[in-house]
Amino acid sequence: MQKKIFSAMQPTGIIHLGNYFGAMNNWLSLQKEYAGIFSIVDLHALTIPQKPEELRTNIRNLAKLYLAAGLDPQKNIIFRQSQVHEHAELAWILTCITPISELERMTQYKDKAKQHKENINAGLFTYPCLMAADILLYDTNIVPVGEDQKQHVELARTIANKFNNLYGETFVVPEAMINKETARLRGLDNPEKKMSKSAPSEYNFISLMNKPDLIRKKIQKAVTDSGTEIKFSPERPAISNLLMIYHLVSGNSIKEIEGEFENKGYGDFKKELAERIIEFLTPLQERFEAIDDNELDQVLENGKQRAETLAKKKLKEVKDKIGL
Ligand code: TYM
């Protein structure tokens, strides 16, 4: 049987180059080899306050983006998490075997709790149990994600092993797949931290939907290191991050890019980088705009049905084992 990959993104309105190269781009290459299941995790999005109309739009836009990026809806299952009730139900069951101490270790929880001091809801804390349910419902072998999700996938492994030990072999124990090169793109305004949609300033990231003028502005304002050379080096995280982005959007090797800008300064480099990003994003944005609403509805309905069939079977097995 073909091995399975499962991955997902939150419909929070902004999908940036970090999300794209850290995760989505890997989904695109893996879809050839694996049976892919890709979710729009709208229940996870509720851990941060959402305006209903915006959330509705963001869910659809993220689904459109999956298609515009090149996920094949015939081959893969593309669906909304909230439309397959088994996710929430399994999440509860898994929550009941997850030690609080494991959840307290999660760095993303600690960071978000700091950021949203006024709204530290219980969902933010139990979030990894829902993520474990997403993964374990489908007998997932591989979970392609960026570096920041590694700890959550490890917890899903811990939970799967614990359940299997308590009730007998039930869950496949999944593995995270992380592309070393793109595991953690950094913020344009702060290369010490990851590129993040919840960063205080939008100058932290390039959204896949940003238009040319804004991209030019953002790249121009991007922080640089001391020194003037366009060279990749661990001691120079800002220019290295920009070089990595240049490499990813253009397909040119880092060496080639360094050669091209050997006797030039940051100004020239940044100008060219912005144009390369625009060239990369324009066709994706055009495909996004061309997706028909009815076609999208069909994809999501079809995905829901296919996901539901698998999820129902797994949840029944789980409920039988635990005595429900
Ligand atoms: P989310 O929506 O925050 O991010 C989606 C994906 O983008 C990756 N990513 C990055 N990669 C490289 N550099 C960055 N700066 C960067 N920022 C984000 C993330 O690692 C992720 O792969 N909890 C998940 C969604 C989720 C999920 C799942 C993922 C829910 N259930 C099951 C996999 C399997 C999240 O919030 O991702």
Side-chain angles (χ1 to χ4, degrees), residues 4-28 30 36-48 58-59 61-63 65-66 69 77 79-82 84 87-88 90-91 94 106-109 111-112 115 123-138 140-157 159-160 172 174-199 204-208 237 241 244-245 248 307 311:
K4 285 189 183 153
I5 49 173
F6 181 100
S7 203
M9 284 191 188
Q10 292 194 61
T12 41
I14 296 156
I15 302 297
H16 52 62
L17 288 178
N19 300 127
Y20 184 87
F21 287 110
M24 207 181 260
N25 196 37
N26 303 327
W27 306 354
L28 297 175
L30 292 165
I37 305 168
F38 300 104
S39 188
I40 292 124
V41 284
D42 43 8
L43 294 175
H44 275 109
L46 300 179
T47 53
I48 308 181
N58 290 341
I59 291 168
N61 284 347
L62 181 55
L65 204 55
Y66 282 10
I77 299 177
F79 76 105
R80 291 176 52 183
Q81 182 189 39
S82 65
V84 180
H87 287 248
L90 180 61
L94 299 181
M106 297 293 115
T107 50
Q108 194 166 71
Y109 166 69
D111 288 351
K112 286 204 175 164
Q115 219 178 342
L124 210 52
F125 187 60
T126 58
Y127 174 119
C129 297
L130 179 57
M131 182 161 159
D134 298 339
I135 297 168
L136 300 181
L137 262 180
Y138 299 97
T140 303
N141 304 99
I142 307 279
V143 188
V145 282
E147 179 74 32
D148 63 339
Q149 295 300 319
K150 189 172 170 203
Q151 201 184 25
H152 292 157
V153 179
E154 271 161 14
L155 182 56
R157 288 171 61 85
I159 295 173
V172 171
E175 264 178 60
M177 182 187 271
I178 292 168
N179 181 331
K180 255 192 167 170
E181 210 178 42
T182 57
R184 193 170 182 272
L185 289 193
R186 295 157 183 269
L188 300 178
D189 61 349
N190 179 3
E192 299 302 321
K193 292 198 165 168
K194 69 170 183 176
M195 186 177 282
S196 165
K197 50 195 160 198
S198 51
N204 171 275
F205 53 78
I206 304 277
S207 153
L208 301 190
N241 190 47
M244 179 53 72
I245 294 174
L248 292 168

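Note that ligands are numbered from 1 as they come in the structure, with each ligand's atoms numbered from 1 the same way. Residue numbers start at 1 and run along the sequence shown.
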For ligand 1, what N or O to protein N or O distances fall under 3.5 Å?
from	atom 1	to	atom 2	distance (Å)
ligand 1	2 (O)	Gln10	N	2.9
ligand 1	2 (O)	Lys197	NZ	3.0
ligand 1	4 (O)	Asn19	ND2	3.3
ligand 1	7 (O)	Asn19	ND2	3.0
ligand 1	11 (N)	Gly18	O	3.1
ligand 1	13 (N)	Leu185	N	2.9
ligand 1	15 (N)	Leu185	O	2.9
ligand 1	15 (N)	Met195	N	3.4
ligand 1	15 (N)	Met195	O	2.9
ligand 1	20 (O)	Gly146	N	2.9
ligand 1	20 (O)	Gly146	O	3.4
ligand 1	20 (O)	Asp148	OD1	2.4
ligand 1	22 (O)	Gly146	N	3.1
ligand 1	23 (N)	Tyr127	OH	2.7
ligand 1	23 (N)	Gln149	OE1	3.1
ligand 1	31 (N)	Asp134	OD2	2.7
ligand 1	36 (O)	Gln10	NE2	2.8
ligand 1	36 (O)	Tyr127	OH	2.6

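Applying side-chain hydrogen bond (donor to acceptor under 3.5 Å, both in side chains) to Gln149 and the options Gln151, His152, Glu147 leaves one that passes, His152.
In this structure His87 satisfies the side chain to side chain donor-acceptor pair (under 3.5 Å) test together with Asp134, Tyr138, sequence neighbours excluded. For Phe205, the ring-ring contact (aromatic ring centres under 6.0 Å, His included) criterion is met by no residue, not counting sequence neighbours. By the side chain to side chain donor-acceptor pair (under 3.5 Å) test, Glu175 is found to be paired with no residue, residues two or more places apart in sequence or in another chain being considered.
Here the side chains of Tyr127 and Gln108 are in contact, with some heavy-atom distance below 4.5 Å.
The structure places OG of Ser196 at 12.0 Å from CG of Leu185, a figure rounded to the nearest 0.5 Å.
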